*Asks:* 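The structure's right below; bear with me while I get my questions together.
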Amino acid sequence: MTDGGQARQYGPLGTVLVIIPTYNEAGNIESVTARVREAVPDAHILVADDNSPDGTGEIADRLAKQDEHVHVLHRPGKQGLGAAYLAGFRWGIDHGYGVLVEMDADGSHQPEELPRLLTALKGADLVLGSRWVPGGRVVNWPRSRRLLSRGGSVYSRVMLGLPLRDITGGFRAFRSETLKGLGMDDVASQGYCFQVDLANRAVSAGYHVVEVPITFVERVRGNSKMSRDIMVEALWRVTAWGVEGRVKRALDRRHT
Ligand SMILES: Nc1nc2c(ncn2[C@@H]2O[C@H](COP(=O)(O)OP(=O)(O)OP(=O)(O)O)[C@@H](O)[C@H]2O)c(=O)[nH]1
Ligand SMILES: [Mg+2]
């Protein structure tokens, strides 16, 4: 939790848009959409599909036809999670939504936990669903993935000096105002370091960030998009941001 939040007054949340990026999630998109609709009936959903070869985009189109709360953003090809979210955020801001939620399609994030995230957002600028705070859990994750995720968070926390436990997670609720204040135009991160990038920007900008425990469940259907490239990108970017931050702080000290 960053400081400065307690004394502030927060405005109403407005309408919620749950953004679900998809690449080859044909076996998952229908059930996750239905669960979101059930869990938060007033919310809208935006499926941001990168022209999935398995037809996820067409399934999403069918769902959107049947339900005016469901929308689809078709993108020309696989450009990474970060790019899909940035496009989704812009769409949500342009359409006047007050809250933009990040959620995976693969069932790892439980739509039934969304109301808790949204309740916390009433008193925060950004809420992170967190596996690594008391009450948070991971189910069915192999030891290697657990280590990778915890290691990624610890490394990011130390390198960037962030007071957060789960920095790489992708189940989050932003106030639109927060995203507008983060300067999304120069976000270059593509893979899951996108999540580290946004958390770092939010804390650095002085936003009140709250972690809420979640239960994260390993995907049952479909294939992981985690790759060596994504890990390498995360490692070098986090290291570069960490060094950059230190140099900047040292220079600031010199000038004061
Ligand atoms: N639009 C779009 N969505 C993507 C892309 N890469 C991943 N996704 C989606 O982002 C979400 C998270 O990706 P996952 O493959 O589950 O990544 P992960 O959670 O790190 O790995 P596993 O859970 O082990 O599969 C899923 O809904 C994916 O379909 C991409 O390049 N474009
Ligand atoms: Mg996943």
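Numbering of ligands and ligand atoms starts at 1, following listing order. We number each residue from 1, following the sequence as shown. Just so you know, these numbers come straight off a predicted model, no measurement behind them.
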*Asks:* Within the structure, does A84 bring an N/O atom to less than 3.5 angstrom of an N/O atom in ligand 1?
*Replies:*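 Min N/O separation from ligand 1 is not below 3.5 Å for A84.
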*Asks:* What's the spacing between L179 CG and R201 CZ if we round to 0.5 Å?
*Replies:*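 Those atoms lie 11.0 Å apart.
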*Asks:* Looking only at protein heavy atoms, identify the closest one to atom 17 (O) of ligand 1 and say how far it is in Å.
*Replies:*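 Residue, atom and distance for the closest contact: K225 N, 4.3 Å.
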*Asks:* Only one of V101, V18, V70 passes side chain to side chain contact (heavy atoms under 4.5 Å, CB included) with V36; say which it is.
*Replies:*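 Going through V101, V18, V70 one by one, the side chain to side chain contact (heavy atoms under 4.5 Å, CB included) with V36 is satisfied by V18 alone.
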*Asks:* Can you name the atoms of ligand 1, numbered from 1 with element, that are less than 4.0 Å from a heavy atom of G80?
*Replies:* 30 (C), 31 (O), 32 (N)
*Asks:* Taking the side chain from H74 and the backbone from N51, do they hold a donor-acceptor pair closer than 3.5 Å?
*Replies:*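 No, H74 side chain to N51 backbone: no donor-acceptor pair under 3.5 Å.
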*Asks:* Which residue is it: V133, V210, V203? I am looking for the one with a side chain to side chain contact (heavy atoms under 4.5 Å, CB included) to L164.
*Replies:* V203
*Asks:* M103: heavy atom below 4.0 Å from ligand 1, yes or no?
*Replies:*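 No.
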*Asks:* Tell me which protein heavy atom sits closest to atom 14 (P) of ligand 1, plus the residue, atom name and distance to 0.1 Å.
*Replies:*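 Answer, as residue, atom name and distance: R219 NH2, 3.5 Å.
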*Asks:* Are any of the N or O atoms of D49 closer than 3.5 Å to those of ligand 1?
*Replies:* no
*Asks:* Note the single closest protein heavy atom to atom 29 (O) of ligand 1, along with its residue, its atom name and the distance in Å.
*Replies:* E25 OE2, 2.5 Å
*Asks:* At what distance is the nearest protein heavy atom to atom 24 (O) of ligand 1, and which residue and atom is it?
*Replies:* R145 NH1, 2.7 Å
*Asks:* Quick one: which ligand 1 atoms are inside 4.0 Å of a heavy atom on T22?
*Replies:* 1 (N), 2 (C), 3 (N), 29 (O)
*Asks:* Return yes or no for this condition: an N or O of A48 is under 3.5 Å from an N or O of ligand 1.
*Replies:* yes
*Asks:* Flag D106 as yes if one of its N/O/S atoms falls below 2.8 Å of the Mg ion (ligand 2), otherwise no.
*Replies:*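 D106 does place an N, O or S atom closer than 2.8 Å to the Mg ion (ligand 2).
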*Asks:* Considering only protein heavy atoms, which is closest to atom 31 (O) of ligand 1, and at what distance to one decimal place?
*Replies:* K78 NZ, 2.7 Å
*Asks:* I need the L100 CG to E177 CD distance, nearest 0.5 Å.
*Replies:* 10.0 Å
*Asks:* When you look at D229 and S227, which way does the side-chain hydrogen bond (donor to acceptor under 3.5 Å, both in side chains) test go after all the steps?
*Replies:* CA-CA 5 Å; D229 283 356; S227 65; 5.1 Å; no
*Asks:* Of all the non-hydrogen atoms in the protein, which one sits nearest to atom 4 (C) of ligand 1, and at what distance?
*Replies:*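 Protein heavy atom with the smallest distance to atom 4 (C) of ligand 1: Y23 CB, 3.9 Å.
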*Asks:* Donor-acceptor pair, distance only, cut-off 3.5 Å: does the side chain of N140 make one with the backbone of V217?
*Replies:* no
*Asks:* Is a donor on one side and an acceptor on the other found under 3.5 Å between the side chain of R175 and the backbone of L121?
*Replies:* yes
*Asks:* Closer than 4.0 angstrom, basic N to acidic O: yes or no for R90 and D94?
*Replies:* no
*Asks:* Just need the protein heavy atom nearest to atom 32 (N) of ligand 1, so name the residue and atom and give the distance.
*Replies:* D50 OD2, 2.7 Å
*Asks:* Is there a donor-acceptor pair closer than 3.5 Å between any side-chain N or O of R172 and the backbone N or O of Q195?
*Replies:*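 Such a contact is found between R172 side chain and Q195 backbone.
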*Asks:* Closest non-hydrogen protein atom to atom 22 (P) of ligand 1, residue and atom name please, with distance?
*Replies:* S224 OG, 3.4 Å
*Asks:* Provide the number and element of each atom of ligand 1 under 4.0 Å from a heavy atom of D104.
*Replies:* 11 (C), 12 (C), 19 (O), 27 (O)
